[in-house]
Amino acid sequence: MKTVPLLPIAAVALPALLAGCAATTDPSPPPVEILLVVNGGENSLTVVPIDSLRPTRKIFFGSWPGRSEAVAARGRTAVVTGGESDVVFVVDLRSETHTATIALPPGSHPTGAVLINESVAYVTNRGNNTATRIDLATGDTASLAVGQYPIDVAVARGRVFVVNANLGPCDDGPTCPLGPSWITVIDPITNARVAGGDSIPLPEPGSARSAAVGGDGLIYVVNVGDPDSSLPGRLSIVDPIRREEVGSFGGFGELPVGLATDGGERLFVTSLRDGLMEFNTRTRRVVRGAGAGVLVNNAITAGVDSHGRVYAIETGDCLSGSVGRLRMFRSDLTEARSILTGECPTDATVVLVTTAEEQADPL
């Protein structure tokens, strides 16, 4: 009888072990960074891939009265406020499709937006002086009263900060400053104003416009001011824990309207008159102020990517229906390229789009 030699245990076990550890599915592709630009004149969203060979494309929302105004994005989800159309558009950024239109009460005129996580958003409604919490999965909404003419919103330290511009009707235009602006603070879990200090005053010049959370965790608010009263714009710094303004800086001329942060110490201010300006949040110094900004015509807003590149948006002439332009600058603010966006761009943001299902962020 022929004897068959026994193989070593390791020789038998190792292939089986390796077979058991073999991947059964391909790894998920890495997140993709994109720039989103709202084109208010045509109610569309321009999607600009960053560091990708994919082409730029547009997502259209259909024919609605008024102009789309603001965009907020997180993970795979984006929301766009419809302004006078009293709706909010929801976009899936993975499939790049418009997935839902959520109606708000007539006269709401939603303006600013922020995402708490990928399924909950807050929008500010300048038409009826409210802020609305939206469940994006169900379309359920819950509103509460805030201040006069709420125009933007930010999230910091687990709280929602609504920027009230304090504008009202005037004789020589649709709106004029009624006095200093202020911030209303909301607890997103209870959807109610926080106890022990739900209002943060912002001193003159008023007409607060945009808010952004800096890399230091503080909230920065640009105040347009009132050119008719010779009140130039200012930058307010708000501590979200102390709930008070802790700094105020001038030097941004008239009509500063937008803010963008690089997540570090650079804060960019866009102006319809002075182009792209810069403030350093660490030194609290105006690096590029009025008269020294990078030339960008009618700079309405900006975004900053993870490489420190700055995307400034030229809004064009919204009355004539002309298209806007995206101007891309390297981190040293030398221009790299420019592309056309859509008719009358109004807002922009940079987002890292997740490519695999992830658990929603806690409130």
Side-chain angles (χ1 to χ4, degrees), residues 69-70 111-114 124 126 129 131 146-154 156 160-170 173-185 199-214 216 218-240 242-261 266-281 284-293 296 298-302 312 315 346-347:
E69 299 199 15
T111 305
V114 72
T124 59
R126 70 176 188 272
N129 296 332
V146 287
Q148 173 68 24
Y149 209 95
I151 196 168
D152 203 5
V153 59
V160 175
F161 295 81
V162 175
V163 177
N164 305 295
N166 196 15
L167 302 180
C170 56
T175 57
C176 290
L178 301 179
S181 304
W182 73 95
I183 293 175
T184 300
V185 188
S199 183
I200 304 172
L202 300 174
E204 296 285 358
S207 188
R209 174 64 180 263
S210 300
V213 180
D216 53 8
L218 300 177
I219 302 172
Y220 293 82
V221 181
V222 65
N223 302 273
V224 177
D226 186 1
D228 295 334
S229 302
S230 299
L231 290 174
R234 294 188 69 85
L235 179 69
S236 293
I237 306 175
V238 175
D239 187 324
R242 293 160 56 184
R243 299 178 198 165
E244 63 181 18
E245 186 189 57
V246 295
S248 179
F249 294 84
F252 299 101
E254 297 179 344
L255 298 180
V257 291
L259 291 175
T261 175
R266 302 182 77 181
L267 183 75
F268 296 96
V269 180
T270 54
S271 168
L272 297 177
R273 293 187 181 178
D274 289 282
L276 181 66
M277 297 176 283
E278 182 181 348
F279 180 81
N280 188 285
T281 62
R284 293 199 176 179
R285 183 173 66 90
V286 178
V287 179
R288 288 177 176 266
V296 179
N298 293 321
I300 188 70
T301 188
T315 189
T346 55
D347 195 21

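One-based numbering along the sequence shown. The analysis underlying the following values was restricted to heavy atoms, covering all of them including side chains, and did not include hydrogens, waters or symmetry mates.
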- Sub-4.5 Å side-chain heavy-atom contact between V222 and Y220: no

- Rounded distance [0.5 Å steps], CZ in R209 versus CD1 in I300: 5.0 Å

- Task: Would you check if L167 and P177 make a side-chain contact, meaning some heavy-atom pair closer than 4.5 Å?
- Result: yes

- Item | Pairwise side-chain contact, V257 with L272, heavy-atom cut-off 4.5 Å (strictly under) | yes

- Interatomic spacing from CG in N298 to CZ in R273 - rounded to 0.5 Å: 10.5 Å

- Query: Less than 4.5 Å apart, any side-chain heavy atom of L259 and any of L235?
  - Reply: yes

- Message: If I take atom CZ from residue R242 and atom CG from residue L218, how far apart are they, to the nearest 0.5 angstrom?
- Response: 9.5 Å

- Message: Closer than 3.5 angstrom, by distance alone: can the side chain of D239 be matched with the main-chain N or O of E244 as a donor-acceptor pair?
- Response: no

- Message: For P240 versus I219, what's the shortest heavy-atom pair and its separation?
- Response: CB-CD1, 4.1 Å

- Message: Can you tell whether the side chains of R234 and E245 come within less than 4.0 Å, N to carboxylate O?
- Response: no

- Task: Kindly indicate whether the side chain of I151, heavy atoms from C-beta on, has any atom under 4.5 Å from the side chain of E69.
- Result: no

- Item | P256 to V269 - nearest heavy-atom pair and separation | CB-CG1, 3.9 Å

- Query: Any donor-acceptor pair under 3.5 Å linking the side chain of N223 with the backbone of G233?
  - Reply: no

- Task: Take I200 and F161, measure what side chain to side chain contact (heavy atoms under 4.5 Å, CB included) needs, and give me the verdict at the end.
- Result: CA-CA 9 Å; I200 304 172; F161 295 81; 4.1 Å; yes

- Task: Flag the pair F279 / R266 as yes when at least one side-chain heavy-atom distance between them is below 4.5 Å, and no otherwise.
- Result: no

- Query: Can you tell me how far CG of N166 sits from CG of N129, rounded to the nearest 0.5 angstrom?
  - Reply: 9.5 Å

- Task: Keeping the roles fixed (side chain from N164, backbone from W182), state whether a donor-acceptor pair exists under 3.5 Å.
- Result: yes

- Are side-chain heavy atoms of F249 and I237 found at a separation under 4.5 Å? yes

- Could you tell me whether a side-chain N or O of T270 sits under 3.5 Å from a main-chain N or O of A302, the two making a donor and an acceptor? no

- Task: Identify the heavy atoms of M277 and S271 that sit nearest to each other, and give their distance.
- Result: CE-CB, 3.6 Å

- Item | Minimum-distance pair of heavy atoms, taken over all atoms of V162 and P150 | CG1-CB, 3.7 Å

- Task: Could you tell me whether the side chain of D152 and the main chain of G112 form a donor-acceptor pair under 3.5 Å?
- Result: no

- With a 4.5 Å limit on heavy-atom distance, are the side chains of R288 and F268 in contact? no

- Item | Nearest atoms (heavy-atom pairs only) where G258 meets S210 | CA-OG, 3.8 Å

- Note on the structure: side chain to side chain contact (heavy atoms under 4.5 Å, CB included) with S181: of L202, V221, V163, only one passes, and it is L202

